[in-house]
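Okay, so here's the structure we're looking at.
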Amino acid sequence: QVQLVESGGGSVQAGGSLRLSCAASGRTSSRYIMAWFRQAPGKEREFVAGISRSGGSTYYQDPVKGRFTISRDNAKNTVYLQMNSLKPEDTAVYYCAASNLGFESADFGSWGQGTQVTVSS
């Protein structure tokens, strides 16, 4: 099992940027597919972005394409989510997750505690 701890959330005005970090411990994060999910108030948790074990492949939900970038540094056991051109609708709790299977939501068995991102208009 891998333990995940997110950081980097906060409050920002629309158009601003934030970078989230997810530090993994317990098992080498390079063994896992990694992803970011988010959950807005009153909504279900949704996939935001994912990255393969090597970092060579990335996937994004349509609303964040071109604005968010997921990356990983396996030497540091850390995954990042660079968020640019933030919009009020990006407001949510953001979760880091790890999967040793695939990119389906049900495949992610390890989760962080979440970090709040608030975007004001």
Side-chain angles (χ1 to χ4, degrees):
Q1 196 79 353
V2 62
Q3 289 76 49
L4 304 173
V5 178
E6 304 98 334
S7 62
S11 297
V12 64
Q13 289 192 327
S17 298
L18 284 173
R19 188 176 82 155
L20 306 183
S21 298
C22 172
S25 61
R27 282 196 167 188
T28 306
S29 65
S30 60
R31 299 166 62 103
Y32 297 91
I33 291 168
M34 301 296 294
W36 288 94
F37 289 75
R38 68 186 180 186
Q39 187 168 20
K43 295 186 178 181
E44 293 188 355
R45 187 164 55 190
E46 62 180 2
F47 175 86
V48 175
I51 189 165
S52 63
R53 292 175 178 84
S54 68
S57 297
T58 57
Y59 305 91
Y60 298 92
Q61 183 197 36
D62 283 347
V64 307
K65 285 181 179 177
R67 300 188 297 123
F68 291 10
T69 302
I70 188 171
S71 62
R72 67 190 301 162
D73 184 339
N74 286 338
K76 296 182 177 180
N77 286 330
T78 303
V79 178
Y80 305 97
L81 185 68
Q82 178 66 44
M83 305 185 295
N84 297 329
S85 302
L86 282 161
K87 303 176 180 180
E89 51 263 44
D90 294 318
T91 295
V93 177
Y94 284 70
Y95 298 91
C96 177
S99 164
N100 57 12
L101 296 173
F103 281 91
E104 295 293 325
S105 295
D107 293 335
F108 289 88
S110 298
W111 295 83
Q113 82 289 349
T115 186
Q116 176 70 45
V117 172
T118 302
V119 185
S120 59
S121 57

Q: Enumerate the residue pairs fulfilling salt bridge (Lys or Arg N to Asp or Glu O under 4.0 Å) with a member in residues 40-49, sequence neighbours excluded, ordered by first and then second residue.
A: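 Salt bridge (Lys or Arg N to Asp or Glu O under 4.0 Å) check on residues 40-49 returns R38-E46.
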Q: Compare all side-chain heavy atoms of V117 with those of M83 and state whether any distance is below 4.5 angstrom.
A: yes
Q.
If hydrophobic clusters are built from ILVMFWY residues whose side chains come within less than 4.5 Å, do L4 and L81 share one?
A.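 Looking at the clustering, L81 is in the same group as L4.
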Q. In terms of hydrophobic clusters joined by side-chain contacts under 4.5 Å, are M34 and V64 together?
A. yes
Q | Where A40 and T91 come nearest, the two heavy atoms and their spacing | A |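 What the structure gives for the nearest pair is CB-O, 3.6 Å.
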**Q.** Rounded distance [0.5 Å steps], OG1 in T58 versus NZ in K65
**A.**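 The distance works out to 10.0 Å.
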**Q.** Q39 side, atom CD; Q116 side, atom CD - distance, nearest 0.5 Å
**A.**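 Going from the CD atom of Q39 to the CD atom of Q116 covers 11.0 Å.
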If the condition is side-chain contact (heavy atoms from CB on, under 4.5 Å), which residues does [X] pass it with, not counting sequence neighbours?
| X | answer |
| --- | --- |
| S99 | I33, L101, D107, F108 |
| S7 | S21 |
| E89 | K87 |
| T115 | E6, L20, Y94 |

Q. Within the distance-only criterion (no hydrogens, no angle test), does the side chain of R67 pair as donor or acceptor with the backbone N or O of S85 below 3.5 angstrom?
A.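 Such a contact is found between R67 side chain and S85 backbone.
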Q. Are any side-chain N or O atoms of R53 and backbone N or O atoms of S30, one a donor and one an acceptor, separated by less than 3.5 Å?
A.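 No, the answer is negative, given that no donor and acceptor are paired below the 3.5 Å cut-off.
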Q. What pairs meet the disulfide (SG to SG under 2.5 Å) rule with one or both residues in residues 71-121, with sequence neighbours excluded?
A.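 The answer is C22-C96.
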In a table with atom names and distances, give each donor-acceptor pair under 3.5 Å that connects a side chain of residues 11-18 to protein atoms at least two apart or in another chain.
residue : atom : partner : partner atom : Å
S17     : OG   : N84     : OD1          : 2.9

Q: Just grab all the ring pair (Phe, Tyr, Trp, His ring centres under 6.0 Å) pairs involving residues 49-73, residues at least two apart or on different chains.
A: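 Qualifying pairs: Y59-F103.
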Q: List for me each residue that meets side-chain hydrogen bond (donor to acceptor under 3.5 Å, both in side chains) alongside S52, sequence neighbours excluded, and say none if there are none.
A: none
Q.
Run the ring-ring contact (aromatic ring centres under 6.0 Å, His included) test against F47 and tell me which residues pass, sequence neighbours left out.
A.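 Checked F47 against ring-ring contact (aromatic ring centres under 6.0 Å, His included); matches are F37.
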